[in-house]
Amino acid sequence: TPPQYFKVVFDTGSADLWLVSSSCKVDDCKKHKRFNSRLSSTFQNIGGPFSIEYADKTQAIGKTAVDNLNINGLKVSQQGLALITSGSGFGDDPHDGMFGLGFQSGSESGFPTPIDNAFTQGQIDSKIFAFWLNRNTKSAVGGELFIGGVNQKHYQG
């Protein structure tokens, strides 16, 4: 609060939300938009350690925090996240962070996932999500992530 905007990867293989921090000085952080905690009136520094390594050997290391989250109008308050201060392997990636969609039991931070929090806070009816990938390569719409249910316009049966 006020909003800061980021591009994230929606990852079904992990359960943590992390963003590159404005305090990150390693080369892998330089090409990314960075979260500036000083600009958020709702930010809470937890300061616990965070470290994750993905199958491709990408590493993200930082500290835990809490802030409000808005995903295209879906508002989740007091969401736990990690702010990355170092790491490797993500420097050329086109995203500024990772949004884990996996089960909370797979969380490195120990925080409830954004999906769990959205459900607990009554923002969604179900703790599910659905992806739709457009087969029409000429379309301006490449796909959709539907949080809290499924979009029945995109399937039959």
Of all heavy-atom pairs between L101 and F129, which one has the smallest distance, and what is that distance? O-CE2, 3.5 Å

Can you measure from CD (Q59) to CD (E53) and round to the nearest 0.5 angstrom? 4.5 Å

Residues E144 and N151: side-chain donor-acceptor under 3.5 angstrom: yes

If only atom types and distance count, is the side chain of Q44 paired as donor or acceptor with the main-chain N or O of G80 below 3.5 Å? no

Between F43 and N36, is any pair of side-chain heavy atoms under 4.5 Å apart? no

Looking at R34 and S23, would you say the former's side chain and the latter's main chain have a donor-acceptor pair under 3.5 Å? no

Less than 4.5 Å apart, side chain to side chain, heavy atoms only: is that true for L145 and W132? no

Do the non-hydrogen side-chain atoms of T85 and F50 ever get within less than 4.5 Å of each other? no

Under 3.5 Å, is there a donor on one side chain and an acceptor on the other for S14 and D11? yes

Within a strict 4.5 Å, meaning less than it, do heavy atoms of the T64 and F111 side chains meet? yes

Check the surroundings of atom OH in Y54: do more than 12 heavy atoms from other residues, nucleotides or ligands lie under 6.0 Å from it? yes

Within 6.0 Å of CG in D92, more than 12 heavy atoms from elsewhere: no

What are the two closest non-hydrogen atoms of G106 and A15, and how far apart are they? C-CB, 3.9 Å

Assess whether atom OH of Y5 is packed by more than 12 heavy atoms of other residues, nucleotides or ligands within 6.0 Å. no

Donor + acceptor pair across side chains of S88, D28 (<3.5 Å): no

N136 atom CG: more than 12 heavy-atom contacts under 6.0 Å: yes

Non-hydrogen side-chain atoms of L69 and F99 separated by less than 4.5 Å: yes

What's the separation between atom NE2 in H154 and atom CG in N134, rounded to the nearest 0.5 Å? 8.5 Å

Quick check: do V20 and F35 have side-chain heavy atoms less than 4.5 Å from each other? no

Between V9 and I71, is there a shared hydrophobic cluster once you connect ILVMFWY residues whose side-chain heavy atoms come closer than 4.5 Å? no

Within this structure, what is the CZ-CE distance for the pair F6 and M98, rounded to the nearest 0.5 Å? 15.0 Å

To the nearest 0.5 Å, how far apart are CG in L83 and OG in S22? 8.0 Å

Any donor-acceptor pair under 3.5 Å linking the side chain of D96 with the backbone of L19? no

ILVMFWY network linking W18 to F10, side-chain heavy atoms under 4.5 angstrom: no

Out of curiosity, I147 CD1 to N72 CG, how far, rounded to the nearest 0.5 Å? 9.0 Å

Suppose we call two aromatic rings close when their centres sit under 6.0 Å apart. Are F90 and H32 close by that rule? yes

Which heavy atom in A130 sits nearest to a heavy atom in V150, and how many Å separate them? CB-CG1, 3.6 Å

Would you name the heavy atoms of K75 and Q123 that are closest together and state the gap between them? O-CG, 3.2 Å

SB check K127 D116 (cutoff 4.0 Å): yes

Consider only side-chain N and O atoms of Q121 and Q78, and report whether a donor and an acceptor are under 3.5 Å apart. no

Does any part of the side chain of I46, heavy atoms only, come nearer than 4.5 Å to the side chain of V66, both counted from C-beta? yes

Would a 4.5 Å heavy-atom cut-off, applied to side chains only, mark I84 and S21 as touching? no

Regarding N68 and S77, is there a side-chain donor-to-acceptor distance under 3.5 Å anywhere? no

ILVMFWY cluster, L17 and L74 together (side-chain gap under 4.5 Å): yes

Nearest heavy-atom pair of P94 and K7: which atoms, and what distance? O-CD, 3.9 Å

Got a donor-acceptor contact below 3.5 angstrom from the S41 side chain to the T1 backbone? yes

For residues I124 and I115, report the shortest heavy-atom separation together with the two atoms involved. CD1-O, 3.7 Å

